[in-house]
Amino acid sequence: MSSSFIENLHVKEMRQFKELNVSFNKGFNFISGPNGCGKTSILAGIAHCFDHSGFQYSSLNENSEFWTDLTIAGEKKRVGIGKNSIQNAGYRKSSIKSWEPPLHEEQRESIKIHEVKQKLKQFCPLFIGTNRNIKYQQISGMQREAALDEQLNRRLSSGAQSLYGDSQINIKQWFVNRYFMIDKDWALEERKNWVHMVNNLSSLGPFHSNFRYVRTGKELEPIFSIYNSECFLEELSAGFQAVLSIIANIFEWIESTKPEGSRDASTAEGTVLIDELDLHLHPEWQFTLRDGLEKIFPKLQFIVTTHSPHLLASARENEVIIMAKNEYEDKYSLEPSALRFSGWNTDQILSEIMGVKSLDNKDYEKLINLAFQEIENKSLAGLELAIDNLKKVCHPNDSILTVLNARFASMLAVSDD
Ligand SMILES: Nc1ncnc2c1ncn2[C@@H]1O[C@H](COP(=O)(O)OP(=O)(O)OP(=O)(O)O)[C@@H](O)[C@H]1O
Ligand SMILES: [Mg+2]
């Protein structure tokens, strides 16, 4: 397991949060909760701890304070700012008044946001927002990849922008560059990563899709194959584009922000934060994505938000962070749940974990209630009708349907006596 990761986030007076404390697991973290409860805001809060140029994305004031605790190669660090650092001059106009340090903790180095580029170079998290479609653009050749320092500076000052889709890498250029460089003797790590990606791409796709990279032709259009038919990068369906865009983004980030010698994707460490990981994905894919990501990037920490009960069902112990909307007081203290939900069905996850209340109104629930009422009323005809209607909406092997059929049979037998 990783020795560099985000331990927790502390926030006061940011956006809707009066106070928020979240701790994270070193591996996967799936943040789940209803629309508007503040999932994306957690990711934005982390982004603000590393970069003040994104402050316009959140409303802040002079009482705002926020920091992230990190372990980097075994050393404890705290990065962020304390109270009285910010002045608020209106919507999207918060600025820095003075650099107050975050609350001191014994044996933890305190780093203020403007010191990040100098003191935290070895830790630059990757933020991936919800914009995942790949638009067509013509690539004319290999493009020089910027030097490490330049890339780090760019990444470190665009966390919040990336989260809100205002800054994107050119995935196609990344593929075309690989086509030109991977057989060069100076591209050892890039070649290793390329082979690793190509070999593992199919583990990410849904069963039988046989998702593959095929080749890049002389017109510089990367070609893929799904369900054994070839297609160009931009022709891939939204689900495949979404996954490919995440994977290529992570490879590009590893190769551009880690020093030479630590760019191997199978051992690289660091934190990747993704808003709505399940976006555009078929349920079958949502079940397999966690393990596919782990296979390709086994040492990375993932902090992702999701609305998918299937992703939650794929999570292990200590990987699901459940966030309910606090109606009265915007104070939150969150940590990964020790439970594992793989044995829960989708309805149970939706209602008990994700807080979906309207399930009670579903036809299915209503018809079941009606059927049990008919049993209580001892109405054979009523029960028969309720079962017939239930059959139209439920799975043929539904366990409650089986129970109701048995009750009907026994009521029928009694009435025949
Ligand atoms: N810049 C901002 N300033 C103040 N409050 C904000 C700001 N951005 C968002 N909020 C508040 O935060 C709430 C939660 O927003 P957020 O985007 O974090 O929700 P979410 O859990 O990601 O929801 P969804 O599932 O719909 O993406 C919003 O309803 C809004 O009240
Ligand atoms: Mg959101």
Side-chain angles (χ1 to χ4, degrees), residues 6 8-22 24 29-66 68 81 85-96 125-132 158-167 242 246 272-281 286 302-312 315 320-337 349-351 353-359:
I6 294 182
N8 57 58
L9 167 71
H10 164 84
V11 158
K12 265 189 185 168
E13 297 279 335
M14 173 194 285
R15 300 185 167 205
Q16 80 280 24
F17 297 133
K18 284 271 164 291
E19 181 168 353
L20 168 93
N21 292 288
V22 202
F24 301 103
N29 297 268
F30 297 95
I31 307 173
S32 166
N35 287 113
C37 68
K39 302 179 294 299
T40 307
S41 299
I42 292 181
L43 306 190
I46 296 175
H48 295 329
C49 294
F50 289 87
D51 162 46
H52 62 281
S53 66
F55 281 6
Q56 84 261 23
Y57 290 96
S58 292
S59 56
L60 302 167
N61 62 50
E62 58 204 30
N63 291 319
S64 300
E65 60 176 36
F66 41 90
T68 293
I81 46 172
S85 293
I86 291 172
Q87 64 190 8
N88 178 10
Y91 184 50
R92 295 175 79 92
K93 289 205 183 80
S94 313
S95 61
I96 296 288
L126 169 66
F127 293 88
I128 302 180
T130 50
N131 186 1
R132 315 248 163 88
S158 62
Q161 281 97 313
S162 317
L163 200 54
Y164 287 95
D166 296 344
S167 141
I246 289 172
V272 176
L273 303 100
I274 309 173
D275 200 14
E276 305 201 14
L277 179 58
D278 50 286
L279 207 67
H280 303 306
L281 302 184
Q286 298 172 15
F302 284 93
I303 300 180
V304 308
T305 74
T306 179
H307 284 294
S308 159
H310 309 297
L311 258 183
L312 297 185
V320 176
I321 298 176
I322 303 165
M323 191 172 186
K325 174 93 185 129
N326 274 359
E327 315 247 332
Y328 307 106
E329 197 183 30
D330 278 315
K331 285 194 176 173
Y332 297 83
S333 180
L334 308 171
E335 60 178 8
S337 159
I349 294 180
L350 282 172
S351 60
I353 304 170
M354 304 180 71
V356 178
K357 299 205 174 60
S358 52
L359 274 183

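Note that the structure is a prediction, hence the values are computed from the model and not measured. Numbering of ligands and ligand atoms starts at 1, following listing order. FYI, the numbering just counts along the sequence from 1. Below, all heavy atoms of this structure are taken into account, side chains as well, without hydrogens, waters or symmetry copies.
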* **Check: Asn21/Ser333 side-chain N/O donor and acceptor closer than 3.5 Å** => no
* Asked: Are any of the side-chain heavy atoms of Ile42 and Met323 separated by less than 4.5 Å?
  -> yes
* **Heavy-atom nearest neighbour of atom 29 (O) of ligand 1 within options Gly33, Gly36, Ser32, Pro34** => Gly36
* Asked: So, do Asn88 and Ser94 sit near enough that their side-chain heavy atoms are less than 4.5 Å apart?
  -> yes
* Asked: Is the Mg ion (ligand 2) less than 2.8 Å from at least one N/O/S atom of Ser41?
  -> no
* With a 4.5 Å limit on heavy-atom distance, are the side chains of Asp275 and Phe127 in contact? -> no
* **Distance-only polar pair, side chains of Asp278 and Gln286, donor-acceptor under 3.5 Å** => no
* To do: Report yes if some N/O of Gly38 lies less than 3.5 Å from some N/O of ligand 1; otherwise report no.
  => yes
* Structure fact -> Min over Glu276, Gln16, His307, Lys39 of heavy-atom distance to atom 31 (O) of ligand 1 lands on Gln16
* List the closest protein heavy-atom neighbour of atom 22 (O) of ligand 1: residue, atom name, distance to the nearest 0.1 Å. => Thr40 OG1, 2.7 Å
* Asked: What protein heavy atom is closest to atom 8 (N) of ligand 1, reported as residue, atom name and distance in Å?
  -> Arg15 NH1, 3.4 Å
* Asked: Nearest protein heavy atom to atom 26 (O) of ligand 1, by residue and atom, and its distance?
  -> Asn35 ND2, 2.8 Å
* Asked: Numbering the atoms of ligand 1 from 1, which are under 4.0 Å from a heavy atom of Ser59?
  -> 1 (N), 2 (C), 3 (N), 4 (C)
* Plane angle bin for Tyr57 and Tyr164 - parallel if under 30°, tilted between 30 and 60°, otherwise perpendicular -> parallel
* **Residue pair Leu60 / Phe66, side-chain heavy-atom distance below 4.5 Å** => yes
* Kindly identify the option in Tyr57, Phe55, Phe17 whose heavy atom sits closest to atom 1 (N) of ligand 1. => Tyr57
* Pull out every atom of ligand 1 sitting under 4.0 Å from any heavy atom of Ser58, numbered as shown with elements. => 1 (N)
